[in-house]
Amino acid sequence: MTTKVIVSYDGTDNDRDALALGRVLADAGASVSLAYVRHAQAAEPGREELEQHEARHRLERGAASLDRPDTELHVVMSASTSNGLRALAEREQADIVVFGSEYRTARGHVAPGASAQRMLESGSVAIAVAPVGLRDRIDARITTVAVSQVSADDSALETARSIAAATGATLVAPTTRDLGLLVVGSRPEAAVGRVLVSAAAERVIENATSPVLVVPRSKMLHFGTPVTLDAPIVTV
């Protein structure tokens, strides 16, 4: 079954990074949709229609840059971005929600914002975070995949193998420079199918300069057929 990805997109520069990561995952074989969360409904019908139209148009502009005319677009109403995306992911049976980094993050680095951070706390969907500036890398693709697996769970490793198979990427140690993607596993005490990262994993994410994908415990994401490792997978 195709891995389903939802990109959180509001048209800001950092969400354009998220869009770029969504494109990279689409090239790996995932199906990608875009979502924008509105936080309140306008009291006047005319104003509400205008705001809904503007939200839809914002998503259409994002989809146009993906060059995929069949991209699904979701305008979600919720007081909380994380709650709105969580409900949408459950309804659409999505596997990954993609975010840009927090707006104050230095270029080339990764930092989950408040909404991503909330979904990293016992959420049921994998979370991907794009580094700042990924939007400017028009040739961005996954050529290498590394695993930073701080638990005994194999889902991160199996997900990395699947992505490598789908993209022809090389599996490498996480100390390699210019990683295409870093996959992080959830901590062993997380419930099966839930995301929960340790303090050590949080530090790994904060030090990352490549896109990061955090997977739920014991929930492999399927992109392709497993491949033979080209380099050791190192636990950090």
Side-chain angles (χ1 to χ4, degrees), residues 4-28 30 32-40 51 54-68 71-86 88-89 94-121 123 125-142 178-184 195 197 201-215:
K4 297 184 69 174
V5 173
I6 295 173
V7 177
S8 177
Y9 184 74
D10 63 5
T12 59
D13 283 346
N14 284 23
D15 274 9
R16 287 171 57 209
D17 293 327
L19 191 65
L21 181 52
R23 183 188 302 110
V24 168
L25 294 173
D27 290 342
V32 176
S33 61
L34 307 185
Y36 173 67
V37 180
R38 293 183 56 205
H39 298 303
E51 292 188 5
E54 289 177 347
R56 181 79 181 183
H57 186 53
R58 180 179 288 117
L59 291 176
E60 288 172 348
R61 291 197 301 269
S65 70
L66 282 176
D67 196 27
R68 285 179 168 83
T71 301
E72 290 188 20
L73 309 177
H74 304 279
V75 179
V76 179
M77 187 71 69
S78 175
S80 162
T81 297
S82 57
N83 287 344
L85 291 172
R86 185 179 291 113
L88 176 64
D95 302 289
I96 305 172
V97 175
V98 180
F99 292 92
S101 288
E102 200 269 343
Y103 75 96
R104 292 167 293 188
T105 308
R107 187 175 182 84
H109 290 268
V110 171
S115 296
Q117 195 63 53
R118 292 188 188 100
M119 294 186 71
L120 286 170
E121 300 170 356
V125 61
I127 300 300
V129 185
V132 176
L134 187 66
R135 61 187 179 272
D136 297 326
R137 294 173 52 186
I138 58 175
D139 60 342
R141 62 190 185 94
I142 300 173
D178 300 324
L179 290 175
L181 182 70
L182 177 64
V183 183
V184 178
V195 172
V197 293
E202 289 178 351
R203 288 193 294 273
V204 168
I205 294 170
E206 290 171 358
N207 292 327
T209 57
S210 65
V212 174
L213 174 63
V214 183
V215 298

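These numbers were taken from a predicted model, which means no experiment stands behind them. Atoms considered below: every heavy atom in the structure, side chains included; atoms not considered: hydrogens, waters and symmetry mates.
One N or O on the side chain of H39 and one on the backbone of S78 form a donor-acceptor pair closer than 3.5 Å. A donor-acceptor distance shorter than 3.5 angstrom exists from the side chain of R23 to the backbone of S65, with no hydrogens or angles considered. Within the 3.5 Å criterion, the main-chain N or O of R203 finds a donor-acceptor partner in the side chain of N207. Under the 3.5 Å distance criterion, the side-chain polar atoms of D27 are left unmatched by any main-chain donor or acceptor of R141. With D17 contributing its side chain and L134 its backbone, the two residues share a donor-acceptor pair below 3.5 Å. Under the 3.5 Å distance criterion, the side-chain polar atoms of R16 are left unmatched by any main-chain donor or acceptor of R135. Judged purely by atom type and a 3.5 angstrom limit, S8 has no side-chain atom pairing as donor or acceptor with the backbone of V98. Judged by distance alone, with hydrogens and angles left aside, the side-chain atoms of S101 form a donor-acceptor pair with the main-chain N or O of A111 at under 3.5 Å.
Closest approach of I6 and A94 over heavy atoms only: CD1-CB, 3.6 Å. Heavy atoms only, all atoms of each residue included: V110 and A130 are closest at CG2-C, 4.3 Å. For the residue pair P211 and L21, the shortest heavy atom distance occurs at CB-CD1, 3.7 Å. Summarising the geometry of V195 relative to V125, their closest heavy-atom pair is CG2-O, 3.3 Å, with the distance given to 0.1 Å. Considering every non-hydrogen atom in both G100 and D15, the closest pair reads N-OD1, 4.0 Å. Closest approach of F99 to A18, counting heavy atoms only: C-CB, 3.4 Å.
Side chains of S210 and L182 form a contact here, defined as non-hydrogen atoms less than 4.5 Å apart. A heavy-atom distance below 4.5 Å is found between the side chains of V24 and I142. Here the side chains of L213 and I96 are in contact, with some heavy-atom distance below 4.5 Å. By the 4.5 Å heavy-atom criterion applied to side chains, S33 and V7 are not counted as neighbours. V97 has its side chain within reach of M119: a pair of non-hydrogen atoms, C-beta onward, lies under 4.5 Å apart. Contact annotation: the side chain of E102 never approaches that of H109 to less than 4.5 Å [non-hydrogen atoms, C-beta and beyond].
The line from CG of L85 to CZ of R118 is 11.5 Å long, rounded to the nearest 0.5 Å. From Y36, atom OH reaches atom OG1 of T81 across 8.5 Å, with rounding to the nearest 0.5 Å. In this structure, CG in L66 is found 5.5 Å from CG in L34, a value given to the nearest 0.5 Å. For the atom pair NE2 of H74 and CG of L59, the computed distance is 9.0 Å after rounding to the nearest 0.5 Å. To the nearest 0.5 Å, atoms NZ (K4) and CG (L25) are separated by 15.0 Å. Atom-to-atom distance recorded for L19:CG and D13:CG is 12.0 Å, nearest 0.5 angstrom.
For the pair R107 and D136, the salt-bridge criterion is met [side-chain N within less than 4.0 Å of a carboxylate O].
Between the side chains of T12 and N14, no donor-acceptor pair of N or O atoms lies under 3.5 Å.
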Query raised in the report: Run the side-chain contact (heavy atoms from CB on, under 4.5 Å) check on R38 and V75 step by step: do they pass?
Result: CA-CA 7 Å; R38 293 183 56 205; V75 179; 3.8 Å; yes

